[in-house]
There are 2 protein chains.
Amino acid sequence: MLQLQKGVQLLMDNKQIPDIVVGRLPLYLRTLQKMARETIQVTSSLELGERLGISAAQIRKDLSQFGEFGKQGTGYNIPFLIERIREILHIDRVWDVAVVGAGDVGRALARYQGFADRGFRVVMIFDNNPDVIGTLVADFTVQNTAGLVEAIQNAGIKVAMVSVPADQAQSVTDQLISAGVKAILNYAPISLSVPEGVWVQYIDPAVHLQRMAFYLA
Amino acid sequence: MLQLQKGVQLLMDNKQIPDIVVGRLPLYLRTLQKMARETIQVTSSLELGERLGISAAQIRKDLSQFGEFGKQGTGYNIPFLIERIREILHIDRVWDVAVVGAGDVGRALARYQGFADRGFRVVMIFDNNPDVIGTLVADFTVQNTAGLVEAIQNAGIKVAMVSVPADQAQSVTDQLISAGVKAILNYAPISLSVPEGVWVQYIDPAVHLQRMAFYLA
DNA sequence: GAAGCATTGTGAAATGTACCACAAAATCTT
DNA sequence: AAGATTTTGTGGTACATTTCACAATGCTTC
Ligand SMILES: NC(=O)c1ccc[n+]([C@@H]2O[C@H](COP(=O)([O-])OP(=O)(O)OC[C@H]3O[C@@H](n4cnc5c(N)ncnc54)[C@H](O)[C@@H]3O)[C@@H](O)[C@H]2O)c1
Ligand SMILES: NC(=O)c1ccc[n+]([C@@H]2O[C@H](COP(=O)([O-])OP(=O)(O)OC[C@H]3O[C@@H](n4cnc5c(N)ncnc54)[C@H](O)[C@@H]3O)[C@@H](O)[C@H]2O)c1
């Protein structure tokens with residue numbers, strides 16, 4: 001039986017971690033959590049890599065950036081590795097998230113139950129349409145965007161998802177940033193301009209489809 | 001006034017194009033189309049790069065993989081470049097797309113008007129829940145998944161979006177592949193296993209949020 | 001407890017990607 | 001029409017990422 005490692009320290013404060021490595025950690029975590037639900041206790045870089053379509057060497061090298069989490073001859077203790085990755089990604093806590101735009105996408109996000117065990121919780125949703133403001137989405141009353149900056153500032157929210165039309169996305173983003181938001185997941189099909197110290201990620205299904213179309217005859 | 005280049009040929013049949021370059025073309029295209037809507041006729045790698053947060057050299061190098069689309073001293077004719085990128089990505093046509101899973105995400109995708117001018121068109125939507133089958137989503141009647149393989153095969157559909165729960169996604173994927181689908185956009189938070197010659201892209205907002213959380217204090 | 005097997009962590013090598021810098025070419029200015 | 005200005009396309013270089021390959025280590029079996 002694999003013992004829980006003691007006194008393991010996360011490195012990473014010295015080194016500069018490549019962004020591409022950071023980007024793979026959530027994928028490792030997602031698969032490890034699935035294995036944990038299958039009550040698998042231990043895995044190897046080889047097995048994990050097969051599930052992910054990533055080489056075993058890649059996984060070992062990536063994890064070695066942050067510490068020594070495995071055991072030679074045995075592999076990785078899954079619950080232990082899950083906790084280490086959660087620490088590294090700062091999701092060994094729950095981040096409150098605001099959603100702006102209570103249309104099809106915003107409502108789907110507000111109702112989605114899948115964020116809970118992955119470090120995030122939607123806590124408010126905004127819209128600027130009088131017909132939508134005041135209606136219920138999941139457990140939330142849709143709030144007026146007019147009060148967005150104050151509400152987000154007061155709640156200390158650092159993470160937001162933007163699901164407004166493209167021509168509104170930059171303006172909404174500017175408001176979010178002035179309210180102290182540091183991480184924005186943008187569903188609008190437009191590149192946002194943000195100051196240093198604010199992170200943006202994009203979700204645009206057409207971009208993914210177009211990318212795949214290149215490889216279609 | 002910039003003349004429309006004549007006799008320009010796409011290269012690319014010889015060379016192996018890096019996937020990372022292919023992945024940037026949809027972003028270039030999205031921004032070029034926005035500029036076109038602003039009735040801008042001509043741009044430079046510098047201006048395009050500023051809008052995208054990408055270096056001018058990168059853009060020039062990427063485009064040069066496929067041909068010579070610009071004019072020294074002037075830059076790129078936007079409508080011309082848009083057409084070239086649409087050709088390269090094989091979206092100088094419309095791809096019919098099937099959606100599987102008529103829940104919040106699937107319905108949002110079926111109702112979304114933003115695919116039309118980007119090379120894709122949702123033409124059918126499936127579910128396996130008797131309460132959902134037969135209901136209307138946008139203009140579509142939700143079809144029973146039991147008939148999925150036959151319907152997709154008959155329609156010759158090559159592209160699908162999967163928005164079923166994670167534990168159903170691999171099974172749905174296998175059916176899609178047996179029906180001849182070659183490109184799958186998967187919204188379920190799970191890595192899919194597919195044979196050679198089938199492409200998968202993933203959309204998982206939690207992955208993006210987790211990635212950004214790394215950079216939050 | 002020794003032999004055999006599995007698997008990590010990691011330098012070194014190989015491969016891939018981004019950036020620099022400049023000649024060439026087109027346009028603009030006077 | 002000559003010189004100044006702009007901007008492309010690209011060879012070369014610097015930097016980044018992935019893969020290789022193996023010593024070290026721990027587990028399993030006899
Ligand atoms: N529906 C999809 O499947 C899908 C797919 C890809 C991308 N998108 C993008 O996601 C975004 C939202 O899509 P949707 O389908 O939910 O659109 P939608 O029209 O259903 O919803 C947009 C909502 O934003 C609100 N809004 C507009 N301006 C606002 C502002 N300034 N402040 C606050 N709220 C504002 C509107 O009142 C509306 O309720 C769009 O940018 C769209 O292009 C949607
Ligand atoms: N809602 C969101 O914002 C969101 C965000 C991220 C990821 N996702 C993921 O997207 C997927 C869909 O999410 P959702 O919120 O729309 O869920 P949902 O429960 O609203 O919809 C899922 C639909 O799939 C149908 N379904 C189940 N098994 C099926 C099968 N074998 N064949 C055909 N249809 C089947 C169900 O009947 C249901 O209608 C899930 O995997 C979810 O984790 C959703």
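Naming: A, B, ... by sequence-line order, numbering from 1 per chain. These values consider heavy atoms only, across backbone and side chains, with no hydrogens, waters or symmetry-generated copies.
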Please report, to 0.1 Å, the donor-acceptor pairs under 3.5 Å made by any side chain of residues 179-200 of chain B, with sequence neighbours excluded.
residue, atom, partner, partner atom, Å
B/Asn186, OD1, B/Ala188, N, 2.9
B/Asn186, ND2, B/Ala188, O, 3.1
B/Asn186, ND2, B/Ile190, O, 3.1

Discussion item. Nearest whole Å is fine: how far is D/dT5 C1' from B/Lys71 NZ?
Written reply: 17 Å
Practice prompt. Rounded off to whole Å, could you give me the CD-to-C1' distance for the B/Glu68 and D/dT7 pair?
Written response: 13 Å
Worksheet item: Side chains of B/Thr31 and B/Arg51: do they bring a donor and an acceptor to under 3.5 Å?
Response: no
Item to complete: Rounded to the nearest angstrom, tell me the gap between atom CD in B/Gln65 and atom C1' in D/dT10.
Response: 11 Å
For residues 115-124 of chain A, which side-chain N or O atoms pair as donor and acceptor with protein atoms under 3.5 Å away, sequence neighbours left out?
residue, atom, partner, partner atom, Å
A/Arg118, NH1, B/Asp204, OD1, 3.3
A/Arg118, NH1, B/Asp204, OD2, 3.1
A/Arg118, NH2, B/Asp204, OD2, 2.9
A/Arg121, NE, A/Asp96, OD1, 3.1
A/Arg121, NH2, A/Asp96, OD1, 3.0

Fill in: B/Ile59 CD1 to D/dT7 P, straight-line distance once rounded to whole Å
13 Å
Practice prompt. Please name the pair of heavy atoms, one in B/Ala213 and one in A/Ile91, separated by the smallest distance, quoted to 0.1 Å.
Written response: CB-CG2, 4.0 Å
Discussion item. Nearest whole Å is fine: how far is C/dA26 C1' from B/Phe69 CZ?
Written reply: 19 Å
Practice prompt. Taking the side chain as every heavy atom from C-beta outward, state whether A/Val100 and A/Met161 have any atom pair closer than 4.5 Å.
Written response: no
Item to complete: Kindly point out which of D/dT19, C/dT10, C/dT8 is positioned nearest to the side chain of A/Ser44?
Response: C/dT8
Practice prompt. Just call it for A/Leu63: base, sugar-phosphate, or nothing, with non-hydrogen atoms closer than 4.0 Å on any strand.
Written response: nothing
Every protein N/O lying under 3.5 Å from an N/O of nucleotides 11-14 of chain C:
residue, atom, partner, partner atom, Å
C/dG11, N7, A/Lys61, NZ, 3.2
C/dG11, O6, A/Lys61, NZ, 3.3
C/dA12, N6, A/Lys61, NZ, 3.3

Discussion item. Taking 4.0 Å as the cut-off, does a side-chain nitrogen or oxygen of A/Tyr76 come that near to OP1 or OP2 on C/dG9?
Written reply: yes
Item to complete: Compare side-chain N and O positions of A/Ser45 against OP1 and OP2 of C/dT7 and report whether any pair is under 4.0 Å apart.
Response: no
Worksheet item: To the nearest Å, how far apart are B/Gln58 CD and C/dG16 C1'?
Response: 12 Å
Worksheet item: Whole Å only: how far is the CD atom of A/Gln16 from the P atom of D/dT17?
Response: 10 Å
Practice prompt. List the atom of B/Ser163, the atom of B/Gly101, and the distance in Å for their closest heavy-atom pair.
Written response: OG-O, 2.8 Å
Item to complete: Classify the nucleic acid contact of B/Ile20 as base, sugar-phosphate or nothing, counting any heavy atom under 4.0 Å across all strands shown.
Response: sugar-phosphate
Worksheet item: Closest nucleotide of DNA chain D for A/Gly73 versus for A/Asp19: which of these residues is on the 5' side?
Response: A/Asp19
Fill in: Rounded distance (Å) that lies between atom P of C/dT10 and atom CZ of A/Phe66
13 Å
Worksheet item: Within a reach of under 6.0 Å around CZ of A/Arg111, are more than 12 heavy atoms found that belong to other residues, nucleotides or ligands?
Response: no
Worksheet item: Considering only D/dT17, D/dT19, D/dT8, which nucleotide approaches the side chain of A/Ser55 most closely?
Response: D/dT19
Practice prompt. Side chain of B/Ser64 only, please: which of C/dT27, C/dA18, D/dG9 is the nearest?
Written response: D/dG9
Worksheet item: What's the closest nucleotide to the B/Ala57 side chain, out of C/dC19, C/dA26, D/dT8?
Response: C/dC19
Fill in: Most 5' of A/Gln72 and A/Arg60 on DNA chain D, judged by nearest nucleotide
A/Arg60
Worksheet, complete the sentence: What one should report as the nearest heavy-atom pair of B/Leu32 and B/Thr43 is CD2-CG2, 4.0 Å
